[in-house]
Amino acid sequence: MKQLLQLYDKYKSVIAYLFFGGLTTVVNLVVFFVTATLWGWNYQIATAMAWLISVLFAYVTNRVWVFHSHFTTFGALWREIFTFFSVRAVTLIMDEGIMWIGVSLLSQNEMLTKLVDQVIVVLANYFFSKWFVFRKTKATSSSMND
């Protein structure tokens with residue numbers, strides 16, 4: 001049991017990311033399904049809407065439960081938010097590109113393409129968040145003077 005707890009402690013951020021990344025993926029897929037399939041929106045517009053809503057959800061869950069980000073200044077908060085959304089904008093480009101290749105070029109089903117797309121995007125988002133957004137810096141631990 002002790003070894004199991006040690007493994008959990010070692011990989012808890014990865015486990016939490018997989019859990020909340022899974023929930024974020026569900027949010028993305030549900031929004032995409034509703035907007036593209038039920039409402040008949042163009043798949044590229046539906047992809048952008050799904051991205052926006054899922055990124056808002058992801059920011060909160062990643063910040064609080066995955067990376068345990070604790071900023072002490074207002075400036076640090078805004079830097080974190082700006083960096084998070086900027087990095088996620090890169091994966092929006094990936095998202096739209098994969099969807100375009102799958103749907104427009106290869107004539108594949110939109111939902112099937114979206115499922116494959118989300119696996120790639122979730123992996124990219126984890127590494128981008130870990131390396132660029134929620135990394136430990138002096139800015140996150142400085143005083144409240146910002």
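Bear in mind the structure is a predicted one, so any value in this text is a computation, not a measurement.
Aromatic ring centres of F74 and W78 lie closer together than 6.0 Å.
Going from atom CE of M111 over to atom CG of D117 covers 10.5 Å, rounded to the nearest 0.5 Å. Note that the OG1 atom of T47 and the CG atom of D95 stand 5.5 Å from one another [nearest 0.5 Å]. For the atom pair M49 CE and N42 CG, the distance stands at 12.5 Å (nearest 0.5 Å). If you take CG on L18 and CD1 on I15, they are separated by 8.0 Å, rounding to the nearest 0.5 Å. Atoms OG and CD, on S54 and Q118 in that order, are 6.5 Å from each other to the nearest 0.5 Å. To the nearest 0.5 Å, the span separating OH on Y17 from CG on N62 amounts to 6.0 Å.
Nearest heavy-atom pair, T91 versus A124, reported as atom, atom and distance to 0.1 Å: CG2-CB, 3.9 Å. Minimum interatomic distance between A46 and T35 (heavy atoms only, all atoms of both residues): CB-OG1, 3.1 Å. The heavy-atom pair separating M94 from I120 by the smallest distance is CE-CG2, 3.7 Å. Of all heavy-atom pairs between R79 and T83, the closest is O-OG1, 2.7 Å. In terms of heavy-atom proximity, T61 sits nearest to T24 at OG1-OG1, 4.3 Å. Closest heavy-atom contact between A48 and E96: N-OE2, 3.5 Å.
Linking Ile, Leu, Val, Met, Phe, Trp and Tyr residues whenever their side-chain heavy atoms come within less than 4.5 Å leaves I93 and F84 in two separate clusters. Linking ILVMFWY side-chain heavy atoms closer than 4.5 Å, directly or via other members, places Y11 and Y8 in a single hydrophobic cluster. Cluster membership for V14 and F20, using ILVMFWY side-chain heavy atoms within less than 4.5 angstrom, is shared. Using a 4.5 Å cut-off between side-chain heavy atoms of Ile, Leu, Val, Met, Phe, Trp and Tyr, with links allowed through other members, V31 and W39 fall into the same hydrophobic cluster. The cluster map of Ile, Leu, Val, Met, Phe, Trp and Tyr, joined by side-chain heavy atoms under 4.5 Å apart, puts V122 and L23 in the same cluster.
A donor and an acceptor atom, one from each side chain of N109 and K114, are nowhere located under 3.5 Å apart. Side-chain contact of T113 with Y43: a donor-acceptor pair under 3.5 Å is absent, judged by distance alone.
Q108 contributes a side-chain N or O that, together with a main-chain N or O of L106, makes up a donor-acceptor pair within less than 3.5 Å. Between the side chain of W51 and the backbone N or O of N28 there is no donor-acceptor pair closer than 3.5 Å.
In this structure, M99 and F32 have side chains that are in contact, with non-hydrogen atoms separated by less than 4.5 Å. Residues L56 and F85 have side chains in contact (heavy-atom distance under 4.5 Å, counting atoms from C-beta outward).
For Q6, the CD atom counts as densely surrounded, since its 6.0 Å shell holds more than 12 non-hydrogen atoms of other residues, nucleotides or ligands.
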